[in-house]
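We count ligands from 1, going down the list as the structure has it; atoms in each ligand are counted the same way.
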Amino acid sequence: MTGAANLTEPSNYGAAAAEQAARYVKERAGAAWRRPVAGIVLGSGLGGLADRIEDALRIPFSHVPGFPVVTVAGHAGQLLVGSLGGQPVVALAGRFHMYEGHEAALAAFPVRVLHALGAPVYLASNAAGGVRRTFSPGDLMVIADHLNLMFRNPLIGSAEPGDERFPDMSDPYDRGLRALLHAAGAAVQVPLQEGVYCGLLGPTYETPAEVRMLERLGVDAVGMSTVPEVIVARALGMRVAAVSCITNAAAGLSPTPLDHHEVMDAGRSVAPRFEALVTEFVRRLPAVSG
Ligand code: HPA
């Protein structure tokens with residue numbers, strides 16, 4: 001068959017595969033396993049948070065059942081199990097982007113695994129271009145809402161067991177968790193912006209005309225990830241929080257062309273503030289049992 005996959009086939013990136021991956025992770029953690037207060041995905045340039053995770057068990061993505069074998073050098077990801085801010089967490093340093101050719105369901109699969117591991121909260125982070133003209137590189141933005149201009153949805157196909165078929169998206173980024181991010185930011189003196197994130201497929205950066213369009217649509221920051229993950233997290237009933245690291249002014253808003261290396265460097269310069277914020281946020285999350 002060519003074209004669309006048979007929509008009644010079980011997904012390779014569905015609930016059963018996530019359960020299998022979760023079993024493997026728990027087995028590796030052994031007696032040290034504790035249900036996480038949050039599952040965290042670390043965006044481009046923000047992987048340094050992994051070094052703040054205490055008593056960390058590091059599992060290469062290639063060992064996790066169901067994760068694809070990715071051959072691009074320098075993008076090898078790791079799943080970490082450990083403690084942050086005195087609380088148990090699971091973090092993924094690295095993600096699967098749709099611009100790499102992955103389908104939306106795979107881009108969101110790690111979130112299914114975090115859910116299967118018992119995380120009630122999903123915390124996403126990403127690098128993004130600033131569309132709001134008052135944003136500067138190095139700003140951190142709490143995502144208040146998103147625009148899905150990837151025109152893909154990871155829930156297409158038969159509903160996975162445990163998924164809401166028609167998830168409500170009227171409050172995708174949990175109000176209480178947003179307030180908690182702001183409280184954590186204030187406590188560690190990390191100023192935070194708040195705004196709307198727009199997910200595009202990439203891998204090209206936007207044209208200036210596209211950025212002007214996004215500006216008119218009410219977008220504050222633009223990136224190439226996160227949206228499929230948040231959709232799946234909401235379908236599973238997880239509470240979602242997300243932070244964008246503004247690495248550059250979006251195309252056309254600054255006289256210099258966009259350069260991936262500069263984008264990554266900006267991510268690294270904001271890393272200490274990002275790490276302080278996330279550590280304090282996790283410290284303030286409600287404890288979980290089990
Ligand atoms: N556009 C899209 N994705 C990005 C950008 C951008 O300007 N910067 C970092 N990720």
Side-chain angles (χ1 to χ4, degrees), residues 40-49 70 72 74-75 77 92-102 104 106-108 110 123-152 154 173 192-231 241-275 277-278:
I40 306 171
V41 168
L42 301 171
S44 303
L46 303 173
L49 183 84
V70 177
V72 185
H75 278 264
L92 287 94
R95 55 158 56 94
F96 304 111
H97 295 94
M98 293 185 65
Y99 63 70
E100 293 168 278
H102 301 308
L106 169 53
L123 174 63
S125 63
N126 57 49
V131 175
R132 199 192 296 175
R133 288 171 188 263
T134 52
F135 282 180
S136 308
D139 280 356
L140 291 172
M141 183 189 90
V142 173
I143 302 183
D145 201 348
H146 76 220
L147 213 56
N148 181 3
L149 296 193
M150 294 173 141
F151 301 111
R152 303 283 193 286
Y173 298 86
L192 294 174
Q193 309 278 1
E194 183 160 314
V196 174
Y197 174 88
C198 177
L200 298 184
L201 277 181
T204 45
Y205 290 117
E206 300 68 40
T207 65
E210 286 164 346
V211 171
R212 287 195 300 274
M213 172 191 78
L214 296 176
E215 198 175 15
R216 287 179 185 201
L217 294 179
V219 170
D220 298 301
V222 58
M224 306 173 191
S225 68
T226 306
V227 167
E229 300 158 19
V230 171
I231 290 172
V243 176
S244 284
C245 163
I246 308 298
T247 53
N248 57 279
L253 299 183
S254 114
T256 48
L258 295 189
D259 176 86
H260 175 65
H261 298 286
E262 281 171 31
V263 167
M264 294 295 287
D265 285 349
R268 274 188 278 275
S269 77
V270 63
R273 276 180 288 130
F274 171 77
E275 292 168 20
L277 171 71
V278 171

Considering the heavy atoms of [X], write down every atom of ligand 1 situated less than 4.0 Å from one of them.
| X | value |
| --- | --- |
| Thr247 | 8 (N), 9 (C) |
| Gly223 | 2 (C), 3 (N) |
| Leu258 | 7 (O) |
| Met224 | 2 (C), 3 (N) |

Beyond-backbone contact of [X] with [Y], side-chain heavy atoms, under 4.5 angstrom:
| X | Y | result |
| --- | --- | --- |
| Leu140 | Ile246 | no |
| Arg95 | Thr226 | yes |
| Leu42 | Phe274 | yes |
| Met150 | Tyr99 | no |
| Cys198 | His146 | no |
| Arg152 | Pro228 | no |

Starting from [atom], what is the nearest protein heavy atom, named by residue and atom, and what distance separates them?
| atom | answer |
| --- | --- |
| atom 7 (O) of ligand 1 | Asn248 ND2, 2.9 Å |
| atom 10 (N) of ligand 1 | Ala127 O, 3.4 Å |
| atom 5 (C) of ligand 1 | Gly129 N, 3.3 Å |
| atom 4 (C) of ligand 1 | Val222 O, 3.7 Å |

Part of Ala251 within contact of ligand 1 (heavy atoms, under 4.0 Å): neither
Option whose closest heavy atom lies nearest to atom 1 (N) of ligand 1, chosen from Met264, Glu206, Glu210: Glu206
Pairing of Glu215 and Arg133 as salt bridge, 4.0 angstrom limit: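 A salt bridge links Glu215 with Arg133.
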